[in-house]
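Below is one structure, written out as structure tokens; comments come after it.
To find a chain, count down the sequence lines: A is the first, B the second, and so on, and within it residues start at 1. Just so it is clear, the values below take in all heavy atoms, side chains as well, and ignore hydrogens, waters and symmetry mates.
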There are 4 protein chains.
Amino acid sequence: MVDNDARDFAPDDADGSPFARDDHFHDECGVFGVYGHPEAAALTALGLHALQHRGQEAAGIVTYDGQQFHIERHIGLVGDNFAKPAVMARLKGNRAIGHTRYATTGGQVLRNVQPMFAEFHGGGFAVAHNGNLTNALTLQRQLQLRGSIFQSTSDTETVIHLAATSSKGPLVDRFIDALRQVEGAYAFVALSDKKLIGVRDPLGVRPLVLGDVDGCFVLASETCALDIIGGTVIREIEPGEMVVITDEGLESIRPFAEASSRFCIFEYVYFARPDSIFGGTSVYTVRKRIGQELAREAPVDADVVIPVPDSGNPAAMGFAEAAGLPFDLGIIRNHYVGRTFIQPTDAIRHMGVKLKHNPNRSVIEGKRVILVDDSIVRGTTSQKIVQMVRDAGALEVHMRIASPPTVDPCFYGVDTPEKAKLIAARMSLDELAAYINVDSLAFLSIDGLYRAVGNASRNRNAPQFCDACFTGEYPTRLTDRALAGGGRSLNLLVESQ
Amino acid sequence: MVDNDARDFAPDDADGSPFARDDHFHDECGVFGVYGHPEAAALTALGLHALQHRGQEAAGIVTYDGQQFHIERHIGLVGDNFAKPAVMARLKGNRAIGHTRYATTGGQVLRNVQPMFAEFHGGGFAVAHNGNLTNALTLQRQLQLRGSIFQSTSDTETVIHLAATSSKGPLVDRFIDALRQVEGAYAFVALSDKKLIGVRDPLGVRPLVLGDVDGCFVLASETCALDIIGGTVIREIEPGEMVVITDEGLESIRPFAEASSRFCIFEYVYFARPDSIFGGTSVYTVRKRIGQELAREAPVDADVVIPVPDSGNPAAMGFAEAAGLPFDLGIIRNHYVGRTFIQPTDAIRHMGVKLKHNPNRSVIEGKRVILVDDSIVRGTTSQKIVQMVRDAGALEVHMRIASPPTVDPCFYGVDTPEKAKLIAARMSLDELAAYINVDSLAFLSIDGLYRAVGNASRNRNAPQFCDACFTGEYPTRLTDRALAGGGRSLNLLVESQ
Amino acid sequence: MVDNDARDFAPDDADGSPFARDDHFHDECGVFGVYGHPEAAALTALGLHALQHRGQEAAGIVTYDGQQFHIERHIGLVGDNFAKPAVMARLKGNRAIGHTRYATTGGQVLRNVQPMFAEFHGGGFAVAHNGNLTNALTLQRQLQLRGSIFQSTSDTETVIHLAATSSKGPLVDRFIDALRQVEGAYAFVALSDKKLIGVRDPLGVRPLVLGDVDGCFVLASETCALDIIGGTVIREIEPGEMVVITDEGLESIRPFAEASSRFCIFEYVYFARPDSIFGGTSVYTVRKRIGQELAREAPVDADVVIPVPDSGNPAAMGFAEAAGLPFDLGIIRNHYVGRTFIQPTDAIRHMGVKLKHNPNRSVIEGKRVILVDDSIVRGTTSQKIVQMVRDAGALEVHMRIASPPTVDPCFYGVDTPEKAKLIAARMSLDELAAYINVDSLAFLSIDGLYRAVGNASRNRNAPQFCDACFTGEYPTRLTDRALAGGGRSLNLLVESQ
Amino acid sequence: MVDNDARDFAPDDADGSPFARDDHFHDECGVFGVYGHPEAAALTALGLHALQHRGQEAAGIVTYDGQQFHIERHIGLVGDNFAKPAVMARLKGNRAIGHTRYATTGGQVLRNVQPMFAEFHGGGFAVAHNGNLTNALTLQRQLQLRGSIFQSTSDTETVIHLAATSSKGPLVDRFIDALRQVEGAYAFVALSDKKLIGVRDPLGVRPLVLGDVDGCFVLASETCALDIIGGTVIREIEPGEMVVITDEGLESIRPFAEASSRFCIFEYVYFARPDSIFGGTSVYTVRKRIGQELAREAPVDADVVIPVPDSGNPAAMGFAEAAGLPFDLGIIRNHYVGRTFIQPTDAIRHMGVKLKHNPNRSVIEGKRVILVDDSIVRGTTSQKIVQMVRDAGALEVHMRIASPPTVDPCFYGVDTPEKAKLIAARMSLDELAAYINVDSLAFLSIDGLYRAVGNASRNRNAPQFCDACFTGEYPTRLTDRALAGGGRSLNLLVESQ
């Protein structure tokens with residue numbers, strides 16, 4: 001889910017911290033759910049820890065103990081907050097859902113942290129969400145006119161209000177009634193006093209997998225969240241499928257009209273963990289294949305292939321392999337990053353402080369270097385890294401990017417700058433090469449990317465994936481986009497807690 | 001306001017802390033509002049500090065700066081939280097409302113702290129409340145059926161939802177529409193982007209005064225909140241009156257059917273600060289008169305009159321004066337009390353730890369002592385204090401209580417034990433005297449109390465005050481009381497923040 | 001004890017908080033010790049709570065469990081820090097000493113909080129101290145030359161280093177050796193692995209009493225610390241006496257040359273709690289007698305006697321009694337004060353914010369008022385209170401002060417401004433009356449004060465008390481005062497913890 | 001430096017956190033100093049951030065502003081504590097030293113965090129230390145007999161007391177006098193009001209480099225701390241060399257008898273960052289050479305070489321290169337680790353929770369795998385990783401270790417288990433291979449290691465490095481080891497702060 005008021009956040013220079021935005025698109029959430037396990041909260045915490053790359057700023061868990069729901073939501077890493085025995089002891093019960101979250105506005109606002117919880121006439125209802133609804137604001141305004149009171153800027157709350165005011169009876173019917181009114185991309189997990197529910201939008205843009213641990217059903221954004229707890233993958237939840245898990249087992253429902261799958265292709269490029277598996281193929285394998293495609297599409301005479309760590313590693317290995325060139329770790333990454341890292345004063349900024357990356361001069365000096373990175377968003381980090389590699393003695397620097405140019409923002413639960421800040425939307429290839437100061441620059445073609453994920457090519461009439469960030473072809477309506485005045489909808493600016 | 005789930009809280013032994021419940025009824029909230037002053041938040045913090053005796057566990061302030069609302073709500077004393085420059089700096093704007101609060105359930109839950117804020121279709125709306133609605137749960141259930149989602153157990157939120165779902169147009173009309181549906185006692189302050197609103201229930205059970213500071217209108221529960229900021233009293237808001245303060249000035253509205261005033265008589269006995277003024281008479285003066293009435297009704301031959309400090313002081317002085325006996329400070333009170341004070345272990349509890357009171361032996365030894373206290377609720381504190389005075393060498397101990405026996409709980413925003421725990425409802429006067437181990441015991445008569453507040457006597461057909469805790473005659477319906485299953489209405493047990 | 005670097009702290013305006021310095025001299029520490037009781041830490045916490053008026057900014061407790069010492073030192077009230085079960089659980093053992101502390105410099109520095117602990121060759125040694133050494137800096141410089149390393153600015157540490165570097169063998173001998181080198185006033189409690197030690201300086205300037213609880217020896221600054229735990233007073237430790245408490249019982253040692261007692265007479269005026277007893281007479285009784293003396297020395301025709309609460313209460317009662325005038329509570333004090341209270345902005349300061357005191361108009365209006373206060377230090381508070389009483393409608397205001405003019409600073413563990421800031425040292429009586437704007441002003445005479453404490457008069461050749469703050473006659477040498485450069489001796493300005 | 005009371009800390013299972021000890025030897029500290037730069041504190045914070053791998057549990061910085069020293073010491077990562085503007089603003093001055101620290105005992109005790117500071121007669125003196133003194137306890141006992149009082153268990157404090165009690169005059173002479181009495185390994189940085197001092201022990205066991213940033217001298221444990229601030233390396237401080245940096249420049253002193261260098265060879269194996277340079281060669285290059293040596297010494301027929309990330313990466317790459325086998329990332333590491341990570345309950349421990357590592361099945365399945373790790377300490381992690389790789393479908397698992405067997409503990413500032421817990425000291429190669437369940441196991445030979453660092457072979461009569469952990473040949477005396485009763489020397493168990 002995306003905060004409506006977070007859309008504009010786009011620092012120009014955010015080096016060094018997982019919390020500062022680096023120069024990437026970022027998936028905004030991971031979700032997890034488990035039903036019937038005595039260690040439900042602990043498994044959820046572990047699952048969220050494995051999904052931490054999908055959202056590092058806050059996390060929450062809701063459990064149900066047969067009598068009461070329990071909720072814990074905290075700003076910060078899963079491991080910092082959900083390792084505390086006191087926190088875990090409060091999360092009683094054998095079913096749980098959890099959420100880890102990327103973006104918030106300047107002041108991190110706890111009321112926007114998920115899962116969200118509401119008291120319905122028939123009982124409690126907790127919901128967590130990965131994705132974004134493209135008509136949430138429009139619906140919110142209609143609901144407010146009707147008397148619904150919003151506590152947050154989250155589109156998750158819109159769905160909760162839609163369910164609360166539904167004319168249907170049972171909770172599942174209300175939830176379906178709500179989902180039929182929304183547009184956009186989503187993977188929800190929800191918990192009532194009787195049920196654990198998982199659902200993907202009709203196009204299946206965001207991922208959600210079904211697994212098993214100790215004979216209990218588990219839902220998670222990626223398979224790596226099953227691996228960490230020793231679980232096994234059963235299958236992916238299908239696009240447009242809702243699964244309802246109760247004491248009686250799992251029921252699969254198809255509440256929506258049939259549609260062709262449009263899974264997010266950027267999950268392969270950058271969002272997902274390399275050890276996760278989608279459609280039977282590991283993300284790591286796809287990334288190596290991407291590197292191979294790239295080497296074939298844009299070869300260059302050079303001495304060494306160096307990844308921008310860590311996300312560029314597999315593509316760089318694939319590139320080196322296909323190009324028959326040595327692969328080497330020419331840039332060392334410092335993984336010790338604090339919560340809010342040292343902001344260099346102006347006085348020392350000019351020194352070229354290298355909080356996150358340091359060149360490994362012995363690998364670079366006197367060499368013609370091919371740098372492989374996964375994507376370029378604003379270009380600022382690329383510029384710095386190229387300069388750093390040149391300062392370390394590279395004779396030539398050739399940049400190869402393991403995806404097509406990102407020229408359009410994402411509206412499906414990914415933190416992206418507006419189009420005007422996407423450097424590839426503003427510059428030609430030559431301009432961009434000059435801007436980041438490389439001897440040559442190449443992006444993977446869109447068809448190359450489709451080949452790497454296993455298709456012969458992109459079907460232009462009915463693309464097999466959502467690739468809107470590369471093509472501008474959005475697979476759903478973008479209703480809110482037309483709203484006058486844009487996203488802000490709350491009058492309460494800051495709620496400090 | 002009262003949390004619906006806080007009604008049963010009744011520790012048997014709570015000595016020593018303003019946070020532990022001592023053996024008193026406690027008024028549960030103080031409210032404050034100011035319109036048009038550049039120091040709105042600071043004045044509100046000061047006003048709440050002066051009203052701290054009405055609620056010590058949490059406080060909140062909402063301001064509006066012409067563009068945005070700002071809210072700060074914190075567990076703890078006003079002076080601990082609203083002295084911080086960073087907190088105050090966030091409370092921008094020249095209009096504000098504030099709330100200080102007594103009771104919460106075991107885990108102090110921030111979401112129940114006031115003011116409450118909601119986004120309405122037409123803008124933000126913040127509300128704070130002193131009192132309690134006796135049909136809040138009934139209304140809440142109706143609202144939930146309609147699709148309203150509750151975030152708290154507060155009856156304040158019920159009123160907000162009633163306003164949100166009202167079919168009326170303008171905010172004031174919606175608020176009136178909501179208030180016409182509620183029963184009980186209340187003094188609300190509310191803030192929209194254009195208006196500061198104050199309103200008392202039709203019987204005027206809870207107090208609300210209108211004042212002026214630097215030419216700006218101020219609303220406050222008691223006059224002492226005007227004194228602290230150098231303000232002046234204009235008048236009391238009348239029972240059933242709503243005042244709407246805007247840039248254009250103050251408008252007085254009478255939304256309800258006319259009714260006779262039933263101001264809470266216990267405000268005079270204990271709740272209000274002695275330096276506050278109601279109906280032109282200071283509470284201190286009434287309390288001295290109460291002591292005088294008591295001396296006339298229940299004289300006894302003795303050597304010294306000693307108050308149970310500090311609430312018994314004025315009545316003891318009045319008693320001594322009328323009885324022609326010396327007044328002396330025979331019990332010393334320790335005002336240094338921590339947030340959650342030292343819980344004596346069982347091993348040292350028997351030693352008779354005296355956290356809060358210590359006898360002043362030089363005043364007591366060898367004397368026949370008259371102890372004056374304001375009321376007896378459970379009797380446990382009285383028992384200890386009598387024993388302490390005997391241990392300090394008193395020859396006789398005569399207890400005089402500056403109010404009639406409290407035999408019924410209050411449902412109008414006061415924290416009282418259920419009837420079965422009110423010792424005066426369970427014991428005869430003689431039994432109670434024996435229980436607390438005094439040589440004689442007397443309570444003020446109900447007519448004596450009415451005389452002290454300036455009436456010839458209580459009008460039995462139409463009592464001039466709400467005195468339900470002494471008489472069981474409740475001036476409003478108690479609709480929720482009939483609800484099966486009682487108060488609890490939320491499925492979410494703990495939300496830690 | 002006094003921080004050498006805290007001597008100059010003297011805010012001109014410190015209204016409203018126990019932490020802000022109000023316009024009083026302040027005793028700077030309370031000490032407590034207990035030996036052999038299974039609840040040693042809890043009793044110490046309770047004792048320190050009863051001594052909280054002697055120091056409100058920090059507190060510490062050291063226990064010994066037969067194997068190890070345990071220490072907890074915290075900024076803040078005893079009840080805020082030592083009520084936490086986790087803190088108390090760490091303080092294992094059946095013997096303990098504790099300390100509560102008034103003054104620190106701007107940044108409250110934990111390393112100066114007592115008790116102090118040192119590893120000696122023969123074992124651990126913890127020391128806490130009430131008083132001040134007047135040659136501590138001189139000794140510190142000698143010790144530093146010898147290689148001793150100081151961690152704090154506390155004179156307590158000077159004594160510890162003197163003991164550590166003593167040529168004597170056993171710990172008690174080393175401690176005595178150290179004490180024989182120091183000048184000033186002190187009451188120490190100390191704890192080794194075998195002994196609880198208490199000692200008063202040869203003149204007995206600062207108090208220390210010996211008590212019993214459950215058959216165990218207790219040491220405390222005042223008797224009220226015995227009352228709170230249900231203990232009994234055995235006797236006062238005598239001036240120049242050291243008591244050494246072990247499993248074998250109590251041994252009394254006289255390490256110093258005989259000297260006449262010079263107990264601090266200001267303990268009666270203001271420092272001690274009214275329910276504490278020194279020399280068989282309660283402080284409350286002395287204060288009432290002071291009021292009586294004052295009424296005899298400086299009568300005035302008036303309608304009502306009003307105390308400046310709470311410290312002026314007993315003297316005002318004594319005054320009213322002797323003068324045959326009514327006593328009334330004309331000023332109400334707000335006891336809810338936060339840690340660091342609301343600093344009024346300049347914009348609202350002029351409004352005459354009344355954080356701490358509010359006049360009770362009904363008692364004052366149209367009356368000729370006698371105000372009784374215990375002392376005047378800088379005069380700023382008196383000025384404000386007189387104005388407040390006039391604004392409330394007093395016809396005349398006569399100020400009576402329950403002590404002689406304070407014209408000299410204290411160097412014996414009391415926080416006093418330098419002489420130039422003592423208003424009575426700078427102004428004649430008439431000037432002062434004009435400054436604080438009263439119709440008449442009178443101080444108690446020094447002989448009147450001596451009469452109130454039970455002497456016929458002050459013995460000018462050999463005063464029975466230390467009264468240096470009234471007379472400038474210091475009973476010990478003031479060696480450090482002559483040091484060039486004054487007090488500061490540490491190069492480390494801030495240690496944040 | 002090493003806490004004397006930390007020597008025994010050796011959890012058997014510490015997976016998943018940089019704070020939990022994983023199965024490695026750990027260097028215990030990094031030091032940094034800068035003289036004359038306006039951004040001294042910020043540069044020091046950045047330098048410590050780059051040295052974070054040398055100590056992750058606490059960090060401290062001392063600055064001097066020409067008048068006063070300022071100190072900040074905090075538990076936690078540099079980036080968490082020294083990013084706060086308030087902290088940095090307190091660290092005024094243009095010279096600074098800093099320290100980052102690995103080990104503490106169970107309760108992390110702030111008083112042991114460095115730099116340590118002492119008030120000397122002539123001024124303040126701050127010291128930070130990487131290494132360990134092998135006669136610190138012996139010296140401490142002598143100093144205590146003389147009257148020195150210790151505040152910590154740190155051997156750094158021993159050196160400070162030696163300097164304080166030295167009979168020499170100037171500070172540098174006192175410091176040299178102190179160092180001449182100590183045995184062991186050390187790299188000190190020290191700051192007085194006039195000087196920044198750096199010194200390495202006569203054998204140069206621990207590293208210290210001299211650099212330049214903006215024309216100012218910098219001292220740091222590794223060159224990567226110069227890189228981060230855009231500095232340049234001047235040279236390494238030589239074994240036994242002291243440099244004294246003042247406004248006049250740098251003076252080099254040789255206070256000790258000449259000795260042959262015995263630099264710690266384990267710095268190359270694991271401690272240092274790969275991008276750091278010692279003796280002109282990057283650590284990364286040495287590690288790749290180690291992998292090449294290992295491939296030559298212990299070849300095996302297999303399909304893929306997989307590192308245990310991240311420390312095994314370069315050696316694995318070198319191995320793959322030399323063996324002509326593919327290198328692949330078969331194990332994915334989760335870098336999001338919390339402060340105190342989730343402790344799996346017993347109930348879920350058996351599930352094989354994989355907090356830190358997850359196999360990349362696509363790379364492993366059906367393959368004969370060579371796993372390359374840098375060392376084996378207790379063997380527990382190796383056991384788990386091998387099992388994990390087998391579960392992911394490996395046909396064979398061959399383990400190759402990039403160092404000789406670690407059979408002896410280090411006493412020079414490295415956190416190592418006692419000998420009995422070093423698995424290679426207890427088992428033969430075959431036993432160990434069986435224990436960790438591999439098809440084959442080989443360690444690098446000691447001569448192979450010497451070859452990788454550039455020597456023809458180890459000189460058995462005068463080894464070129466300290467390799468005591470592999471050989472048991474300690475280059476200094478181990479005086480404290482003979483002390484009866486072992487390390488503990490403080491009676492104060494817990495000081496909570």
For this session: Quick one: do Asn360(B) and Asp275(C) satisfy side chain to side chain donor-acceptor pair (under 3.5 Å)? Show the steps, please.
Result: CA-CA 5 Å; Asn360(B) 194 351; Asp275(C) 47 340; over 6 Å; no
Seminar exercise, completed: Taken in chain and number order and not counting sequence neighbours, the residues that satisfy side-chain hydrogen bond (donor to acceptor under 3.5 Å, both in side chains) with Arg361(C) are Glu365(C)
Exercise. Of the listed residues (Thr281(B), Asp391(B), Asp328(B), Ile331(B)), which shares the most heavy-atom pairs with chain C below a 4.5 Å separation?
Worked result: Asp328(B)
For this session: Sort Pro359(C) into side chain, backbone, both or neither according to what part of it lies under 4.5 angstrom from a heavy atom of chain B.
Result: backbone
Seminar exercise, completed: Within residues 309-323 of chain B, the residues sitting under 4.5 Å from chain C by heavy atom, in sequence order, are Asp310(B), Asn313(B), Met317(B)
Problem set entry | Interatomic distance, Ile332(C) atom CD1 to Cys224(B) atom SG [nearest 0.5 angstrom] | 10.0 Å
Exercise. Within the side chain of Tyr284(B), is there an N or O that forms a donor-acceptor pair under 3.5 Å with the backbone of Gly330(C)?
Worked result: no
Seminar exercise, completed: Turns out that what part of Val283(C) lies under 4.5 Å from chain B's heavy atoms comes down to neither
Exercise. How many angstroms lie between CD in Gln52(C) and CG in Asn334(B), if you round to the nearest 0.5 Å?
Worked result: 7.5 Å
Exercise. Got a second to check how far Arg273(B)'s CZ is from Asn358(C)'s CG, nearest 0.5 Å?
Worked result: 5.5 Å
Problem set entry | Spatial distance of atom NE2 (His357(B)) from atom CD1 (Ile228(C)) [nearest 0.5 Å] | 12.0 Å
